[in-house]
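Input: a single structure, listed below in structure tokens.
Numbering starts at 1 and runs along the sequence shown. All values below were derived from every heavy atom in this structure, side-chain atoms included, with hydrogens, water molecules and symmetry-related copies excluded. Bear in mind the structure is a predicted one, so any value in this text is a computation, not a measurement.
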Amino acid sequence: YKGSAHFGSFAKAGVHLYVTNLWKGGDLFWDKNPQVSQEQAYKGDGRFDFSLLENELFRIAGADSKAMVIVSISVDPDPAWCEAHPDSIFCTSDGEKGVVRTGYLNVSRLVTDVRQKKPEEWWAHSYSSRDYQDYVCEGLKALAGFLKESPAGRIVIGFTIAGGNDGQFLPWINGGTLDHSPATRK
């Protein structure tokens, strides 16, 4: 795969629909896979930088004047957000919080004390947390506003939203363990 080099080849073949990941400009808030990501779009304090995504869209448009792009957006919160919102961390009915080790798709272990989380682990967040949903909406509004103002946004025809262990918002623990976080119980 040669990345952007193939857009022109697809256009010559009559294919004009593309899907690009927001990781081309960083995941919305945080990328769980630092070996792949370039940088995240969120810069803190409600600020975003979508210039890497914009550049990718310009590359696509430059190679294909009929390009139509769907942007896939990962909306996992960054570790600092989870630390600031402990009630929005996935929790079992026994009060154990879920941590995931980089490279794993599901909760790798449960802890009873937040100090037990290791540096290479991240918190499994609660999808149903109102704080999480508001956080995601803030980011999506920023992205939509940017694309509306940027000339690169003219080729974007839609979005897919991804998150959680493998982008499908699947339960953090296989086997049906429900989220009992304080945010979920509200």
Side-chain angles (χ1 to χ4, degrees), residues 19-50 52-53 70-146 158-186:
V19 176
T20 190
N21 294 330
L22 189 57
W23 69 260
K24 295 288 185 182
D27 281 348
L28 193 54
F29 299 109
W30 179 62
D31 187 350
K32 299 181 297 283
N33 189 352
Q35 295 81 15
V36 174
S37 78
Q38 297 175 23
E39 67 178 81
Q40 64 196 31
Y42 185 65
K43 300 302 179 190
D45 297 323
R47 295 176 299 109
F48 293 85
D49 178 0
F50 298 110
L52 291 175
L53 173 64
I70 297 171
V71 179
S72 181
I73 306 161
S74 176
V75 294
D76 291 313
D78 61 274
W81 185 91
C82 288
E83 297 289 339
H85 297 84
D87 285 353
S88 296
I89 296 171
F90 175 91
C91 187
T92 68
S93 60
D94 294 329
E96 298 172 305
K97 295 184 180 287
V99 292
V100 182
R101 196 170 54 200
T102 300
Y104 286 77
L105 294 179
N106 295 319
V107 166
S108 53
R109 66 191 187 96
L110 297 166
V111 298
T112 54
D113 186 326
V114 294
R115 294 172 294 188
Q116 294 173 306
K117 184 182 80 58
K118 298 175 184 174
E120 67 273 11
E121 295 174 324
W122 45 276
W123 294 113
H125 55 281
S126 173
Y127 304 133
S128 59
S129 161
R130 183 44 130 178
D131 289 333
Y132 167 67
Q133 293 168 6
D134 290 345
Y135 183 65
V136 169
C137 286
E138 173 191 334
L140 294 176
K141 286 177 186 176
L143 176 60
F146 172 81
F159 302 93
T160 63
I161 309 296
N165 53 15
D166 68 349
Q168 299 181 68
F169 296 102
L170 294 173
W172 285 108
I173 297 180
N174 290 333
T177 300
L178 299 176
D179 179 9
H180 293 271
S181 66
T184 298
R185 293 189 315 243
K186 282 185 181 179

Partners meeting salt bridge (Lys or Arg N to Asp or Glu O under 4.0 Å) with [X] (sequence neighbours left out):
| X | result |
| --- | --- |
| Asp113 | Arg115 |
| Asp94 | none |
| Arg185 | none |

Listed partners of [X] passing side chain to side chain contact (heavy atoms under 4.5 Å, CB included), at least two apart:
| X | value |
| --- | --- |
| Tyr135 | Phe29, Tyr42, Pro77, Asp78, Trp81 |
| Lys141 | none |
| Val111 | Lys97, Val99, Arg109, Gln116, Trp123 |

Do the side chains of [Y] and [X] get nearer than 4.5 Å, heavy atoms only?
| X | Y | result |
| --- | --- | --- |
| Glu121 | Ser108 | yes |
| Ile73 | Leu143 | yes |
| Thr160 | Val71 | no |
| Tyr132 | Val75 | yes |

inquiry  = For residues 129-140, which residue pairs pass the salt bridge (Lys or Arg N to Asp or Glu O under 4.0 Å) check, not counting sequence neighbours?
reply    = Arg130-Asp134
inquiry  = Suppose we screen for ring pair (Phe, Tyr, Trp, His ring centres under 6.0 Å). Which residues come up paired with Phe169, at least two apart in sequence or across chains?
reply    = Tyr127
If I compare all heavy atoms of [X] with all of [Y], which pair ends up nearest, and what's the gap?
| X | Y | answer |
| --- | --- | --- |
| Thr112 | Glu96 | CG2-CG, 3.9 Å |
| Gly139 | Phe50 | O-CZ, 4.4 Å |
| Ala124 | Val107 | CB-CG2, 4.0 Å |

request  = Could you please spell out the steps behind the side chain to side chain contact (heavy atoms under 4.5 Å, CB included) verdict for Phe90 and Thr177?
outcome  = CA-CA 10 Å; Phe90 175 91; Thr177 300; 4.1 Å; yes
ask   = Quick one: OG on Ser72 to CD1 on Ile161, what's the gap to the nearest 0.5 Å?
value = 8.0 Å
inquiry  = As an exercise, state the distance from OG of Ser88 to CG of Asp179, rounded to the nearest 0.5 Å.
reply    = 9.0 Å
ask   = Within the side chain of Asp45, is there an N or O that forms a donor-acceptor pair under 3.5 Å with the backbone of Arg47?
value = no
query = Taking the side chain from Trp172 and the backbone from His125, do they hold a donor-acceptor pair closer than 3.5 Å?
reply = yes
message = The criterion is side chain to side chain donor-acceptor pair (under 3.5 Å); which residues satisfy it with Ser128, sequence neighbours excluded?
response = Ser126, Thr184
query = side chain to side chain contact (heavy atoms under 4.5 Å, CB included) between Ile173 and Leu110: does it pass, once the steps are laid out?
reply = CA-CA 10 Å; Ile173 297 180; Leu110 297 166; 4.1 Å; yes
